[in-house]
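Data block below; observations after.
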Amino acid sequence: MKKLITTLTNIWKIEDLRNRIITTLLLLLIYRIGCHVVLPGVNPDALGAKSNDGNSILDLINMFAGGSFSRSAIFALGVMPYISASIVVQLLGIAVPAFQKMQKEGESGRKKMTQITRYLTLAITLVQAVAYVKTQVPAEAKTLAEPMFTILSAIVLTAGTLFVMWLGEKITDKGIGNGISLIIMAGIIAQLPAGIVAEWGSRMSPSGGGPIPLLLEFVALFFVVIFAILVVQGIRKVPVQYAKKIVGNKQVGGVRQYIPLKVNAAGVMPIIFAQAIMFLPMALSQFFPNLQSDFLFALRDYTSVAYNVTFAVLIIAFTFFYTAIMVNPQQMSEDMKKNGGFIPGIKPGYDTNTFIDNVISRITFPGAVFIAFIAIMPALAGKFGVNNQFAHFYGGTSLLILVGVVLDTLQQIESHLLMRHYDGLMKTGRVKGRSTATVEGIDQSAI
């Protein structure tokens with residue numbers, strides 16, 4: 001307790017860090033207020049029956065939007081259009097030569113790609129806004145006539161998403177941590193109290209089992225979080241020896257360093273891609289009502305065996321796919337060769353490329369299996385009687401995002417402390433964010 005008080009005192013003493021934390025909290029507060037402002041022309045009382053229809057997929061989307069999706073709020077779409085645009089731009093940077101050239105142009109190229117991402121976000125948001133108004137706002141809740149309601153709501157939803165994106169950029173520049181990541185985390189955490197209350201009510205009911213099962217659930221959640229941290233932080237260090245060189249009167253090189261290859265280099269992107277594929281059965285059933293199949297019907301239930309087996313297989317496949325895109329052994333080999341580095345016992349060039357590729361393949365498979373297991377944990381928790389609202393926090397994208405964002409934010413706070421010659425956040429060791437071990441993809445290693 002004394003260590004905690006001392007650490008908080010040291011944080012408050014650093015004016016720059018204190019201002020950044022306060023700025024971050026204020027901007028997040030603005031976001032949370034906006035999540036409760038209903039769209040103009042919508043009667044919030046008429047949304048009551050529609051907001052909790054038990055659809056697990058829509059509940060999941062609602063969690064990432066901080067509850068604003070079910071409220072028909074001005075921030076109902078959240079930052080998901082921005083995430084979608086970022087994924088598209090990143091994939092274009094791998095497949096299209098013009099985007100590859102921009103990536104190699106340094107700061108100017110990064111600014112161009114950021115601008116392209118913003119324009120693409122605008123286009124995606126307009127399309128999603130119209131679809132949201134048509135499908136998620138019930139007719140009895142609309143107080144304005146069509147098409148005025150759709151046009152006005154689409155404009156407000158688009159402006160809301162762009163404003164949230166601006167808030168994220170301001171948090172990154174003026175606050176602490178990655179802004180978009182913190183906004184997503186704030187939306188997820190905002191659903192946690194409701195989930196705990198729902199689970200408490202469920203367990204305290206006459207048929208709920210009492211406080212013992214509830215205590216066991218929290219213990220299980222603790223170990224699941226520890227397991228997720230191990231997966232996020234796990235790395236394989238590949239030693240690299242640099243040859244000695246004489247530059248002027250000085251000797252440089254001759255040191256041994258490490259290439260930190262992450263067990264989970266793909267982050268949560270495989271889960272996001274797999275979830276996008278798993279949305280297809282629901283879409284097919286809406287567009288083709290006559291298309292009936294027991295397998296497709298099972299895929300609409302996130303607790304079914306068919307859904308979870310298919311989901312796990314897709315996650316494992318996308319993990320290998322995304323890792324192959326993000327980690328380039330050939331580029332690593334060429335960079336080491338240019339800088340006079342080599343892996344002890346491995347010839348430079350092709351042999352080094354093959355060695356790194358084999359190491360990545362070996363550590364990616366257990367990482368993919370672990371991520372798949374974490375992704376299906378909410379369904380497993382539901383099978384043990386955990387309430388649907390609380391079960392979402394046992395795994396999946398939400399848990400990995402929470403763990404990763406918290407680690408990255410704590411790592412930045414610790415960097416400020418160490419830079420001012422204060423002790424770190426822990427007595428032994430240092431907090432390691434995900435960005436310290438690998439170059440990850442979308443949203444600066446957050447999602």
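One-based numbering along the sequence shown. The structure displayed is predicted, hence computed values, not measured ones.
Nearest heavy-atom pair, Ala186 versus Arg32, reported as atom, atom and distance to 0.1 Å: O-CD, 4.4 Å. When all heavy atoms of Val359 and Leu261 are compared, the pair lying nearest together is CG1-CD1, 3.8 Å. Looking at every heavy atom in both residues, Met102 comes nearest to Met113 through CB-CG, 4.1 Å. Minimum interatomic distance between Gln191 and Gly187 (heavy atoms only, all atoms of both residues): CG-O, 3.5 Å. Taking all atoms of both residues into account, the shortest heavy-atom contact from Ile316 to Ala372 is CG1-CB, 4.2 Å. Leu157 approaches Ala73 most closely through the heavy-atom pair CD2-O, 3.5 Å.
The side-chain heavy atoms of Glu217 and Phe384, taken from C-beta on, include no pair separated by under 4.5 Å. In this structure, the side chains of Met165 and Val79 stay at 4.5 Å or more apart for every pair of heavy atoms. Counting only heavy atoms from C-beta outward, the side chains of Thr364 and Thr319 approach each other to under 4.5 Å. Under the 4.5 Å side-chain criterion, counting only non-hydrogen atoms from C-beta, Val88 is in contact with Leu120. Counting only heavy atoms from C-beta outward, the side chains of Leu28 and Ile183 approach each other to under 4.5 Å. Between Phe365 and Ser361 the shortest side-chain heavy-atom distance does not fall below 4.5 Å. At least one side-chain heavy atom of Met185 sits under 4.5 Å from a side-chain heavy atom of Ile189. At a threshold of 4.5 Å between non-hydrogen side-chain atoms, the residues Ile180 and Ile83 count as touching.
Judged purely by atom type and a 3.5 angstrom limit, Thr121 has no side-chain atom pairing as donor or acceptor with the backbone of Ala85. Asp357 places no side-chain N or O within 3.5 Å of a backbone atom of Asn353 that could act as its donor or acceptor partner. A distance-only check finds no donor-acceptor pair linking the side chain of Thr323 to the backbone of Ala265 [under 3.5 Å]. At distances below 3.5 Å, not a single donor-acceptor pair connects side-chain atoms of Ser181 with backbone N or O atoms of Gly177. Under the 3.5 Å distance criterion, the side-chain polar atoms of Arg203 are left unmatched by any main-chain donor or acceptor of Pro213.
A side chain to side chain contact (heavy atoms under 4.5 Å, CB included) with Met332 is found for exactly one of Val327, Ile343, Thr352, namely Val327. Just one residue in the list Lys111, Arg118, Lys112 forms a side chain to side chain donor-acceptor pair (under 3.5 Å) with Gln115, and that residue is Arg118.
Summarising the geometry, atom CG belonging to Asn264 is positioned 7.0 Å from atom CG belonging to Leu400; distances are rounded to the nearest 0.5 Å. How far CG of Leu26 is from NZ of Lys170: 14.5 Å, rounded to the nearest 0.5 Å. In this structure, Leu399 CG and Met377 CE are separated by 9.0 Å, a value rounded to the nearest 0.5 Å. Rounding to the nearest 0.5 Å places CD1 of Ile259 at 9.0 Å from OG of Ser333. Taken from CD1 in Ile271 to CD1 in Ile374, the straight-line distance is 7.5 Å, to the nearest 0.5 Å. Residue Ile360 holds its CD1 atom at 10.5 Å from CZ of Phe355, rounded to the nearest 0.5 Å.
Between Phe311 and Tyr307, the two ring planes are tilted [angle within 30° to 60°]. Ring-plane geometry between Phe163 and Phe75 is classed as parallel, the angle between the planes falling under 30 degrees on a 0 to 90 degree scale with a further cut at 60. Using bins of under 30°, 30° to 60° and over 60° for the plane-to-plane angle, the ring pair Tyr132/Phe69 lands in the perpendicular bin. In this structure, Tyr394 and Phe390 have perpendicular ring planes: the angle between them is above 60°, well past the 30° mark.
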Legend entry - Full working for side chain to side chain contact (heavy atoms under 4.5 Å, CB included) between Ile184 and Val405: CA-CA 9 Å; Ile184 296 175; Val405 174; over 6 Å; no

Inset, instruction - List the steps, then state whether side chain to side chain contact (heavy atoms under 4.5 Å, CB included) holds for Leu410 with Glu414. - result: CA-CA 6 Å; Leu410 292 179; Glu414 186 171 64; over 6 Å; no

Inset, instruction - Could you walk me through whether Ile74 and Leu39 pass side chain to side chain contact (heavy atoms under 4.5 Å, CB included), step by step? - result: CA-CA 5 Å; Ile74 59 176; Leu39 286 170; 4.2 Å; yes

Inset, instruction - Check step by step if side chain to side chain contact (heavy atoms under 4.5 Å, CB included) holds for Ile116 and Phe99. - result: CA-CA 10 Å; Ile116 293 173; Phe99 283 84; 3.9 Å; yes

Inset, instruction - List the steps and the verdict of side chain to side chain donor-acceptor pair (under 3.5 Å) for Gln412 and Asp408. - result: CA-CA 6 Å; Gln412 290 197 26; Asp408 285 343; over 6 Å; no

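Other residues, nucleotides and ligands contribute at most 12 non-hydrogen atoms within 6.0 Å of the CZ atom of Phe373. More than 12 heavy atoms of other residues, nucleotides or ligands lie within 6.0 Å of CZ in Phe342, so this atom counts as buried by the packing criterion.
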